[in-house]
Amino acid sequence: MIDTLTMEESLTRVEYFIENKISVQHVVVNAGKIVMMQENKKLREIVNSCAMINADGQAVVWAARFLGYNLPERVAGIDLMMEILKMANRKGYRIFLLGATEEIIQATTKKILNLFPNITIAGYRNGYWSEQEESHVIKMIADSKADILFVGISSPKKEFWLAENIEKLNVPFCMGVGGSFDVIAGKTKRAPVWMHKAGLEWFYRFIQEPRRMWKRYLIGNSKFIWLVLKEKFLQLTKIGGPS
């Protein structure tokens, strides 16, 4: 399911999609999303059909290695997004930003332009619209001639929306980035690097927003550990069972 790509290899693949005008949906998976995929068949089908899937969480990398899979490193969504922005700044790719509140999306756009002065923002829009506005939002993105679309909407809504509309959007590379706009805008802080490497970024986020995150992380992480152990048991059973 997950592509065994380093950050450098991921960027090479992104560039290939853009240069060849191939419309693809990208997704990152962490422990929480893997749990969600077990409970939501539609989400599982969409994720597995994506042209590029990166391991966002360190726990996913550790679990994959524990189960015997060669997953070289974590490629966090926000880190990949920032590297893609660097590429866009260098190569002149057009960016469209979709999601978050009006305040956050404006702050994110301003921060990106400050960091990458040569970048082209093809357009931006907040993530709140009515059913009647849906076609206008899609047309706005398609008419922008963007090379890259970043969607800052929560899961699984962004995965469903992209899968349903990707052919209408006319954008080569479409990437769901979750709460990355909040981080870029300065609303949410990222954990220190040592916490990333220790697989404790989830705990840092939990401390910042305990009421919103306790169920997602404490219950979700427990379910993820159970899924990994169950898979390992099945592997051992197959190895040790009758031929």
Closest contact, heavy atoms only, [X] versus [Y]:
X	Y	result
Met175	Leu80	CE-CD2, 3.9 Å
Lys33	Val27	NZ-CG2, 3.8 Å
Val29	Val60	O-CG2, 3.9 Å
Pro72	Arg65	O-NH2, 2.7 Å
Ala63	Phe224	CB-CZ, 3.7 Å
Glu159	Ile46	O-CG2, 3.8 Å

Completion exercise
Apart from Leu98 itself, its cluster of hydrophobic side chains linked below 4.5 Å comprises Phe96, Trp129, Val137, Ile138, Met140, Ile141, Leu149, Val151, Ile153, Trp161, Leu162, Leu169, Val171
Taking the side chain as everything from C-beta on, heavy atoms only, tell me whether [X] gets closer than 4.5 Å to [Y].
X	Y	value
Leu11	Ile84	yes
Ile78	Val177	no
Tyr93	Glu19	yes
Met82	Phe116	yes
Phe181	Thr101	no
Met87	Glu83	no
Glu103	Asn126	no

If you round to the nearest 0.5 Å, how far is [atom2] of [Y] from [atom1] of [X]?
X	Y	atom1	atom2	value
Ser180	Asp79	OG	CG	9.0 Å
Gln58	Glu73	CD	CD	9.5 Å
Glu134	His136	CD	NE2	11.5 Å
Asn30	Asn54	CG	CG	12.0 Å
Asn48	Ile2	CG	CD1	9.5 Å
Ile184	Ile112	CD1	CD1	4.5 Å

Check for me, please, whether [X] and [Y] land in the same ILVMFWY cluster - side-chain distances under 4.5 Å, paths through other members count.
X	Y	value
Met7	Met52	yes
Met37	Leu71	yes
Val61	Leu5	no
Phe150	Val28	no
Tyr124	Leu115	yes

Of all residues at least two apart in sequence or in a different chain, which pass the salt bridge (Lys or Arg N to Asp or Glu O under 4.0 Å) check with [X]?
X	result
Arg125	Glu133
Arg44	none
Lys139	Asp143
Lys110	none

Practice task
Return yes when atom CD of Glu167 has more than 12 non-hydrogen atoms of other residues, nucleotides or ligands closer than 6.0 Å, and no otherwise.
Solution key: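 No, CD of Glu167 has 12 or fewer neighbouring heavy atoms, counting only those of other groups under 6.0 Å.
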For residues 225-234, please give each side-chain donor-acceptor pair under 3.5 Å, one per line with the distance, not counting sequence neighbours.
{"from": "Lys232", "atom 1": "NZ", "to": "Phe66", "atom 2": "O", "distance (Å)": "2.9"}

Problem - Ring geometry between His26 and Phe173 (parallel below 30°, tilted from 30 to 60°, perpendicular above 60°) - result: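 Plane angle between 30° and 60°, so tilted.
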Main-chain N/O of [Y] paired with [X] side-chain donor or acceptor, under 3.5 Å:
X	Y	answer
Asn118	Asn89	no
Thr188	Asp182	no
Arg94	Ser144	yes
Asn40	Met36	no

Practice task
Decide, yes or no, whether a salt bridge links Asp147 with Lys91 under the criterion of side-chain N to carboxylate O below 4.0 Å.
Solution key: no
Exercise for the section: Tell me, with the steps shown, if Arg13 and Asp3 meet side-chain contact (heavy atoms from CB on, under 4.5 Å). Expected result: CA-CA 11 Å; Arg13 188 173 291 190; Asp3 291 309; 3.6 Å; yes
Handout entry: Donor + acceptor pair across side chains of Glu45, Ser49 (<3.5 Å)
Key = no
